[in-house]
Amino acid sequence: MASIRFLWLLNAKTANAMKTLVRSGFCACSRRRNICSSPSRLQNYMSAWVIDQYGSNGVLRFTEEISLPVINISSEVMIKVNAASLNPLDVAMRGGYGATLLNLRRDPSSVLSSSNEFPLILGRDVSGTVVDCGSGVTHFVPGDEVWAAIPPWKQGSLAEYVKLTEYEVSHKPKSLSHGEAASIPYVASTALSALVNAGGLCRESCADKRVLITGASGGVGTFSIQLLKAWGAHVTVTCSQNAEGLVRGLGADEVVDYTAEDAPQQLELMPKFDVILDNVGGDTEQWAMGLLKPWSGAKYVTLVSPLLLNTDSMGLVDGTFQAGCALHNKAFENMLSRGVFYRWAFYAPDGPALDDISTLVDGGKILPVVEAQFPFSQVPQAFQKLEHGHARGKTVVKVSEEDDSQGETAESEQGMQEKAQGS
């Protein structure tokens with residue numbers, strides 16, 4: 001059963017100069033020292049998009065008066081945000097999804113009081129440059145270009161700066177711009193949690209595995225296709241007909257149009273699957289569970305669980321109890337009737353895991369799939385675009401200008417398909 005894991009101003013020349021000095025030995029600073037170039041010494045506030053209450057797009061507010069994050073723990077790093085990207089989780093969190101459990105994680109004393117979590121900064125993906133390090137940081141120095149998935153209880157990336165621990169951060173792939181890099185960490189962390197932690201898959205065990213991905217044209221789906229193909233698995237996906245070119249270009253072996261009336265029948269005619277990754281939820285379980293190989297350790301992994309919805313609507317104790325009972329009953333029923341495992345998976349940020357993904361990206365095995373980009377001034381429009389649904393990749397927000405000559409190379413869906421097919 002999957003465990004639940006919930007997991008300023010320096011310009012480009014200054015950052016690059018610091019990085020060069022550190023690596024060339026002309027600077028006496030150690031990787032373990034607290035660098036004295038923290039933006040908090042130069043200014044007290046930063047720009048950010050925040051929410052002061054839960055609701056629709058109208059609650060988003062731009063401000064230049066959010067206090068800069070301050071390093072308080074030796075393992076923390078401060079990152080100047082170059083690019084962020086949005087995920088369905090951001091839309092849900094804007095509306096209050098998961099507030100009960102996330103507030104408890106932010107402040108355990110909130111269970112006994114009515115502490116205020118606002119203003120909140122959304123955004124779970126970040127690509128940027130390290131500008132400050134705690135005294136215990138050993139893997140990063142100022143000037144390093146990094147990417148990360150931000151835990152949902154921490155302040156997000158729709159801001160000039162973000163603070164994380166070094167264990168949540170990874171060096172950015174050298175082959176990607178910041179905008180491209182920002183499209184990957186959240187979906188990578190979610191897919192790894194589902195496929196590896198819950199699904200039991202890994203590079204060494206995928207060669208003879210058949211995997212079905214439902215709802216495969218979104219961020220998690222398009223990443224999962226590429227990861228599984230890099231590991232040698234046979235991948236079947238469901239998506240709408242107009243996304244077939246995209247998913248085939250990324251490596252999908254078989255594609256079924258979920259809008260077709262006979263979609264379940266098409267899947268039933270195929271050989272049984274070892275793992276199903278469900279990105280859709282709803283009634284998918286009713287017709288998909290029978291597609292797994294019986295009595296062979298096959299696993300049904302869903303990213304759509306009632307845990308956070310239950311705790312929001314029923315309270316912490318009752319909601320957790322009801323969700324736990326639902327998981328136990330489904331897992332027990334499916335094990336007894338078919339010999340298959342039923343599991344929930346959750347977004348779980350992991351810096352070291354992103355190191356492995358970075359290697360695959362630089363090796364050309366995984367490509368960023370960016371559907372749209374917006375400037376920092378148009379964050380509400382970016383949310384509106386995401387809310388329209390039927391995503392064909394990620395929605396990226398450029399928080400600051402690129403600090404290298406690579407430039408921002410947002411690719412259209414058609415260009416992304418051509419690049420994937422040519423690799």
Within 6.0 Å of CD in Gln241, more than 12 heavy atoms from elsewhere: no
Relative to the ring of Tyr186, is the ring of Tyr347 parallel (under 30°), tilted (30 to 60°) or perpendicular (over 60°)? tilted
Which word best sums up how the rings of His171 and Phe140 line up, parallel for under 30°, tilted for 30 to 60°, or perpendicular for over 60°? tilted
Heavy-atom pair of closest approach, residues Phe346 and Ser193: O-OG, 2.6 Å
Please determine whether a side-chain nitrogen of the Lys or Arg among Arg203 and Asp356 lies less than 4.0 Å from a carboxylate oxygen of the Asp or Glu. no
So does Tyr167 have more than 12 non-hydrogen atoms from other groups sitting under 6.0 Å from OH? no
Is atom NZ of Lys365 surrounded by more than 12 heavy atoms (other residues, nucleotides or ligands) closer than 6.0 Å? no
With side chains defined as the heavy atoms from C-beta onward, is the minimum distance between Cys206 and Leu228 less than 4.5 Å? yes
Close side-chain approach of Pro375 to Lys398, heavy-atom, < 4.5 Å: no
Please check if the side chain of Ser183 supplies one atom and the backbone of Gly179 the other of a donor-acceptor pair under 3.5 Å. no
Strictly distance-based, threshold 3.5 Å: is any side-chain N or O of Asn329 a donor or acceptor partner for the main-chain N or O of Ala326? no
So, Ser157 side chain and Asp125 main chain: donor-acceptor pair closer than 3.5 Å or not? yes
Return the minimal non-hydrogen interatomic distance between Thr238 and Leu267, and the atom names on each side. CG2-CD1, 4.1 Å
Give a yes or no on this: more than 12 heavy atoms of other residues, nucleotides or ligands lie within 6.0 Å of atom CD of Glu204. yes
If we ignore hydrogens and angles and just use 3.5 Å, is the side chain of Arg94 paired with the main-chain N or O of Gly55 as donor and acceptor? yes
Verify, without hydrogens or angle tests, whether Ser74 (side chain) and Gly134 (backbone) share a donor-acceptor contact under 3.5 angstrom. no
Do Asp132 side-chain atoms and Pro142 backbone N/O form a donor-acceptor pair below 3.5 Å? no
Could you tell me which non-hydrogen atom of Ala191 sits nearest to which non-hydrogen atom of Phe223, and how far apart they are? CB-CD2, 3.6 Å
Check whether more than 12 heavy atoms from other residues, nucleotides or ligands sit under 6.0 Å from atom CD of Gln266, and answer yes or no. yes
Salt bridge check: are Asp253 and Lys229 linked by an N-O gap of less than 4.0 Å? yes
Of all the heavy-atom pairs spanning Ala372 and Lys385, show the shortest one and how long it is. CB-CE, 4.1 Å
Hey, is the main chain of Ala182 close enough, under 3.5 Å, to the side chain of Ser85 for a donor-acceptor pair? yes
Interatomic distance, Lys172 atom NZ to Ile184 atom CD1 [nearest 0.5 angstrom]: 10.0 Å
In Å, rounded to the nearest 0.5 Å, how long is the span from CZ of Phe62 to CD of Gln378? 13.0 Å
For the residue pair Phe383 and Phe374, is the inter-centroid distance of their aromatic rings smaller than 6.0 Å? no
Which pair of non-hydrogen atoms, one from Val162 and one from Gly156, has the smallest distance, and what is that distance? CG2-O, 3.8 Å
Expected output: side-chain Asp312 to main-chain Leu309 donor-acceptor under 3.5 Å: no
So, the side chain of Glu160 versus the backbone of Ser47: is there a donor-acceptor pair under 3.5 Å, distance only? yes
Between Asp90 (side chain) and Gly123 (backbone), is there a donor-acceptor pair under 3.5 Å? yes
